[in-house]
Amino acid sequence: MPELPEVEAYRRLAERSVGRVVGRVELPDPWFLKGGLTPAMLGAALTGHRFAAFRRVGKLLLGDIDGGRRLGLRFGMTGTLVVDGRAALDGLLYAPARHDPAWERVRIAFVDGGSLVVRDPRRLGGVTLDPDLGRLGPDAAAITGDELAAALAGSTAPLKARLLDQSRVAGVGNLVADEVLWKAGLDPRRPAGSLAPTEVHLLCGTVHAVIADLVARGGSHRGDLTGERRRDGRCPQDGAPLTRSTVGGRTTWWCPVHQH
DNA sequence: ATTGTGGCCTGCCCGC
DNA sequence: TGCGGGCAGGCCACAA
């Protein structure tokens with residue numbers, strides 16, 4: 001599902017549309033608009049304009065529109081970005097591999113004949129205008145040790161729950177969280193505030209390393225642990241049977257032998 | 001404020 | 001073999 005690595009791939013793909021004039025916006029599914037946004041408002045903000053740049057904060061993709069407004073794209077669990085008929089990634093875990101035209105939620109058509117399309121079978125994504133970035137924590141790919149320490153300090157919530165909290169750390173989803181904690185050897189159920197400074201430091205480095213690795217591999221589902229997230233799955237590091245339970249409201253897999 | 005829970009959405013998997 | 005109940009999780013509303 002789209003976590004930080006996927007959205008980063010979407011951002012790079014979206015850059016292909018920078019500088020091209022928008023001719024028309026099609027909204028087969030106006031329900032996809034969030035925060036009171038209407039088709040007329042979105043059309044007015046985009047038609048005749050160009051994207052100046054695409055940025056990413058966590059799992060949110062931002063398109064800077066000339067004139068100062070910002071398009072916000074969220075992809076939920078099964079959303080894909082398609083530019084000029086080309087998808088950013090081959091496959092998405094938990095998303096259907098086939099393509100049904102009915103899953104197209106937004107189409108931004110450029111006057112040159114190309115387009116930027118959001119395809120989302122399960123409709124858990126959405127489109128906003130000028131999204132409030134104040135509700136997002138530091139981006140996980142660039143978070144500093146001090147910022148991570150502040151995000152975890154004093155909390156009795158499970159470590160994993162804090163990592164998934166987008167207002168504390170932006171961009172970590174369920175698969176990345178499990179992969180990071182597995183690689184750092186940390187128990188997802190540990191109270192977030194119980195980590196020693198050296199553990200926070202290790203965790204911060206692991207977050208960066210795992211994200212860089214998953215971006216390079218082409219998706220959050222390409223992690224070493226991810227392939228073992230199944231019944232009878234075993235720890236790729238020591239071969240122990242993995243434990244499955246619910247932590248932070250999410251299905252969680254971890255190694256009972258080396259994660260403490 | 002912090003933490004936990006349930007619902008939304010819908011295609012697909014597994015067990016009957 | 002066909003069918004239908006769970007399941008998947010990002011995000012939000014709401015409760016304690």
Side-chain angles (χ1 to χ4, degrees), chain A residues 1-10 28-37 56-62 72-81 89 91-106 118-128 131-137 139-140 150-181 188-194 211 214 219-221 223 225-233 242 244-254:
Chain A
M1 74 293 308
E3 301 188 29
L4 193 156
E6 282 77 11
V7 180
E8 177 58 23
Y10 297 173
D29 185 9
W31 182 90
F32 211 66
L33 299 179
K34 308 297 176 184
L37 186 61
R56 180 191 58 72
V57 180
K59 303 170 194 170
L60 175 67
L61 182 61
L62 289 164
L73 297 179
R74 289 202 168 281
F75 299 91
M77 181 177 166
T78 57
T80 307
L81 190 73
L89 299 166
L92 216 51
L93 196 58
Y94 304 129
R98 64 193 181 87
H99 168 44
D100 187 325
W103 297 337
E104 185 172 312
R105 308 301 174 189
V106 186
V118 175
R119 180 192 297 163
D120 184 2
R122 292 186 200 173
R123 299 172 87 211
L124 286 167
V127 177
T128 55
D132 178 14
L133 302 183
R135 300 172 60 200
L136 292 173
D139 186 78
L152 305 177
S155 173
T156 60
L159 174 57
K160 180 177 175 180
R162 275 271 161 144
L163 291 177
L164 291 175
D165 183 344
Q166 301 299 299
S167 72
R168 311 278 179 179
V169 179
V172 178
N174 200 40
L175 297 183
V176 172
D178 279 4
E179 183 80 11
V180 164
L181 294 171
R189 304 165 299 176
R190 278 271 295 277
S194 73
I211 286 174
L214 293 177
S220 58
H221 59 294
L225 180 71
T226 310
E228 297 296 319
R229 294 176 114 262
R230 55 181 167 77
R231 259 179 50 184
D232 301 324
L242 294 175
R244 175 195 195 273
S245 69
T246 299
V247 180
R250 296 288 164 232
T251 299
T252 301
W253 293 86
W254 81 92

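Hydrogens, waters and symmetry mates play no part in the numbers below; they use all other heavy atoms, side chains included. The chains referred to below are lettered A, B, ... by the order of the sequence lines, with proteins before strands, and numbering in each begins at 1.
- Every side-chain hydrogen bond (donor to acceptor under 3.5 Å, both in side chains) that A/R162 has, sequence neighbours left out, goes to A/S155.
- Interface residues of residues 153-169 of chain A facing DNA chain B, ordered by number: A/S155, A/T156, A/A157, A/P158, A/R162, A/R168; criterion, heavy-atom separation under 4.0 Å.
- Residues passing the salt bridge (Lys or Arg N to Asp or Glu O under 4.0 Å) test with A/R105 are A/D29, sequence neighbours excluded.
- Partners of A/S167 according to the side-chain hydrogen bond (donor to acceptor under 3.5 Å, both in side chains) rule, which considers only residues two or more places apart in sequence or in another chain, are A/D165.
- In this structure, CG of A/D120 is placed 13 Å from P of C/dG10, rounded to the nearest angstrom.
- Across every non-hydrogen atom of A/A140 and A/L4, the tightest pair is CB-CD1, 4.0 Å.
- With sequence neighbours excluded, no residue satisfies side-chain hydrogen bond (donor to acceptor under 3.5 Å, both in side chains) with A/Q166.
- End-to-end axis angle of the helix from B/dT2-C/dA16 to B/dC16-C/dG2, from C1' rotation axes over five pairs per end: 50° (rounded to 10 degrees).
- Note that CZ of A/R123 is 11.0 Å distant from OG1 of A/T78, once rounded to the nearest 0.5 Å.
- Between A/K59 and C/dC11 there is a side-chain N or O to OP1 or OP2 distance below 4.0 Å.
- Shown here are the side-chain contact (heavy atoms from CB on, under 4.5 Å) partners of A/D100, two or more places apart in sequence or in another chain: A/R98, A/A102, A/W103.
- In this structure, the salt bridge (Lys or Arg N to Asp or Glu O under 4.0 Å) partners of A/R190, at least two apart in sequence or on a different chain, are A/E199.
- Shown here are the salt bridge (Lys or Arg N to Asp or Glu O under 4.0 Å) partners of A/D178, two or more places apart in sequence or in another chain: A/K160, A/R229.
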Walk along nucleotides 8-16 of chain B from 5' to 3' and tag each nucleotide B, S or - by protein heavy-atom contact under 4.0 Å, base first, then sugar-phosphate. BBBBS----
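- A/R74 contributes no side-chain N or O that forms a donor-acceptor pair with the base of C/dG10 under 3.5 Å.
- Distance alone, capped at 3.5 Å, places no donor-acceptor pair between the A/E3 side chain and the A/S220 backbone.
- Contact check for A/L181 versus A/T252: no side-chain heavy atoms found under the 4.5 Å cut-off.
- Among the heavy atoms of the strands lying under 4.0 Å from A/R244 are primed sugar atoms or P, OP1, OP2 only; no base atom is included.
- Looking at heavy atoms from C-beta onward, A/L73 lies out of side-chain contact with A/Y10 at the 4.5 angstrom threshold.
- Under the rule for a salt bridge (Lys or Arg N to Asp or Glu O under 4.0 Å), A/R244 has no partner lying at least two apart in sequence or in another chain.
- The shortest distance between the side-chain N/O atoms of A/T251 and the OP1/OP2 oxygens of C/dA8 is below 4.0 Å.
- Between A/E3 atom CD and C/dG10 atom C1' the separation is 9 Å, expressed in whole Å.
- Distance A/R135 CZ to B/dA1 P: 13 Å, rounded to the nearest Å.
- With rounding to whole Å, A/Y10 atom OH is found 13 Å from C/dG10 atom C1'.
- Judged by distance alone, the side chain of A/K34 and the main-chain N or O of A/W31 form a donor-acceptor pair under 3.5 Å.
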Enumerate all atom pairs, one protein N or O and one N or O from nucleotides 14-16 of chain C, separated by less than 3.5 Å.
none

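- Rounded to an integer number of Å, the gap from A/N174 CG to C/dA8 P is 9 Å.
- The residue A/G249 sits apart from the nucleic acid: no heavy atom pair falls under 4.0 Å.
- Taking atom CZ of residue A/R250 and atom P of nucleotide C/dC7, one finds them 14 Å apart after rounding to whole Å.
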